[in-house]
Amino acid sequence: MPSRPETGQMHPRNAQPLMNLAWLPQLTWADPTLTTLEDQIHIPIRSERPVELGVNDGNAARVLGGLTADPGYAPMFAAAFPDEPNPGWDHVVQSLASFLRTMTSFDSPVDRYAQGDGAALTPPARRGLALFGDDRFECHQCHSGPTMTVSYVDAETPPGAEPGMFFTNALYDLDGTGAYPEGNQGLYEVTGDPRHRGLFRPPSLRNIALTAPYMHDGSLETLEEVLDHYASGGRPRDGADPGKVMRGHEHRHGGPIRGFAMTEEEKADMIAFLTALTDDGFVTRSDLADPRGIADTAD
């Protein structure tokens with residue numbers, strides 16, 4: 001199921017997790033132009049199709065006034081922007097972006113195992129880790145590195161480099177040419193290039209066991225369903241022949257989904273590994289759970 005914003009209007013896209021955003025070169029499923037948090041945050045604030053946060057020209061001044069005059073927020077705005085007696089929407093966006101960049105998650109059992117703690121992973125999770133990196137499964141083609149997605153940049157990324165960003169997930173073929181549901185066709189919605197139908201930025205797999213449902217439209221309910229989908233070679237949900245679909249729809253930076261044989265034991269091992277990507281310290285951080293708590297404890 002896709003996400004439902006505060007306004008109640010269904011969004012065609014499944015909400016992605018917010019951790020480790022500072023290292024993502026693109027910030028949505030399929031828009032290569034949104035490369036900074038400061039640019040992206042304006043979208044849900046002002047979005048009209050669907051309405052997400054519900055701010056528009058008619059109520060923007062009232063909403064801003066309520067935020068900047070709020071007894072909890074007012075002193076924080078004053079501390080963050082001491083030279084700005086009248087904070088505007090840009091200050092709200094800067095504040096949100098700064099907060100989001102603090103949401104870092106790098107302390108899962110998999111991380112501790114990589115750092116030398118051999119007891120951090122169970123035997124099934126260790127077997128799943130080996131399968132994850134195996135060329136038969138090819139999971140690492142889309143999900144690797146510190147953020148568990150090849151869509152990643154850091155201070156060492158060369159200027160002008162283009163990290164692997166948009167890949168097929170082979171979920172649909174509505175017309176025999178690989179079409180996806182209208183308004184939710186991936187990179188094609190931005191470029192208009194038919195070769196880009198069904199291409200999406202691979203999400204991070206960190207904390208993946210906590211973020212069901214899956215895929216860009218939330219159409220797969222469990223990790224087991226996701227593994228079965230890719231094992232089948234990316235069989236579209238409408239039953240189309242995956243071989244026909246994949247001939248015309250390849251990764252932007254790689255080959256088509258080929259599928260793989262997978263036993264039930266291997267599936268269970270993969271689930272154990274994916275579950276071990278859960279960072280309990282991150283998901284229980286009190287400063288991320290209650291924004292008013294930050295104001296109450298701030299110096």
Side-chain angles (χ1 to χ4, degrees), residues 14 16-24 103-154 156-157 163-165 167-170 200-216 218 220-235 251 253-285 288:
N14 188 22
Q16 296 193 51
L18 297 180
M19 72 281 176
N20 303 333
L21 296 179
W23 292 275
L24 296 183
M103 299 178 69
T104 57
S105 177
F106 296 106
D107 191 28
S108 69
V110 171
D111 296 299
R112 295 193 291 276
Y113 182 80
Q115 293 161 9
D117 182 357
L121 292 184
T122 64
R126 291 199 296 271
R127 293 193 299 267
L129 171 60
L131 291 170
F132 188 87
D134 189 272
D135 286 340
R136 173 162 57 103
F137 281 68
E138 292 193 309
C139 306
H140 60 282
Q141 296 286 352
C142 293
H143 304 283
S144 63
T147 57
M148 293 300 290
T149 170
V150 294
S151 180
Y152 169 82
V153 293
D154 60 20
E156 304 300 320
T157 304
M165 291 175 288
F167 296 77
T168 182
N169 60 22
F200 296 89
R201 180 179 63 75
S204 170
L205 296 185
R206 287 186 172 275
N207 302 305
I208 192 69
L210 306 178
T211 60
Y214 303 105
M215 314 304 280
H216 69 282
L220 299 184
E221 295 290 338
T222 67
L223 289 172
E224 287 84 355
E225 287 184 46
V226 175
L227 288 170
D228 287 339
H229 172 71
Y230 285 117
S232 73
R235 184 174 299 279
H251 297 177
H253 297 280
I257 295 172
R258 286 182 280 272
F260 47 85
M262 177 177 62
T263 68
E264 288 301 311
E265 181 182 11
E266 287 175 329
K267 185 193 298 187
D269 290 344
M270 285 287 289
I271 297 297
F273 164 69
L274 293 171
T275 301
L277 288 166
T278 300
D279 180 350
D280 289 328
F282 169 72
V283 299
T284 58
R285 273 177 56 183
L288 301 182

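The structure presented is a predicted model; accordingly, all values stated were derived computationally and were not measured. Positions are given from 1 along the sequence.
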| request: Nearest 0.5 Å please: distance from the SG atom of Cys142 over to the CZ atom of Arg201. | output: 12.0 Å
| Is any side-chain heavy atom of Phe282 closer than 4.5 Å to a side-chain heavy atom of Thr104? | no
| request: To the nearest 0.5 angstrom, please state how far the CG atom of Asp135 sits from the NE2 atom of His140. | output: 5.0 Å
| Under 4.5 Å between any side-chain heavy atoms of Met103 and Leu21, yes or no? | no
| message | Once rounded to the nearest 0.5 Å, what's the spacing between atom OG1 of Thr222 and atom CD1 of Ile271? | response | 7.0 Å
| message | We want to know whether Asn20 and Ser204 form a side-chain donor-acceptor pair, criterion being a heavy-atom distance below 3.5 angstrom. | response | no
| request: Taking the side chain as every heavy atom from C-beta outward, state whether Pro124 and Asp269 have any pair of such atoms under 4.5 Å apart. | output: yes
| said: When you compare the side chain of Leu220 with that of Asp228, does any pair of heavy atoms fall below 4.5 Å? | reply: no
| query | Between Asn207 and Ser105, is any pair of side-chain heavy atoms under 4.5 Å apart? | reply | yes
| request: Measure the shortest side-chain to side-chain distance between Met215 and Phe200 over non-hydrogen atoms and say whether it is less than 4.5 angstrom. | output: no
| Would you say Gln16 and Thr211 make side-chain contact, with heavy atoms under 4.5 Å? | no
| query | Is a side-chain N or O of Asp107 found less than 3.5 angstrom from the main chain of Asp279, in a donor-acceptor match? | reply | no
| Any idea how Phe273 and Phe132 line up, ring-wise: parallel (<30°), tilted (30 to 60°), or perpendicular (>60°)? | tilted
| said: Distance check, rounded to the nearest 0.5 Å: Met270 atom CE versus Leu129 atom CG? | reply: 9.5 Å
| task | Kindly say whether Leu121 contributes a backbone atom to a donor-acceptor pair with the side chain of Arg126 at under 3.5 angstrom? | result | yes
| remark: Exactly one of Leu274, Ile208, Val150, Leu205 clears side chain to side chain contact (heavy atoms under 4.5 Å, CB included) with His143, and that residue is Leu205
| Is the shortest distance from a Lys or Arg side-chain nitrogen in Arg206 or Asp111 to a carboxylate oxygen in the other one below 4.0 Å? | yes
| query | Mind checking whether Phe137 and Tyr230 have side chains closer than 4.5 Å, heavy atoms only? | reply | no
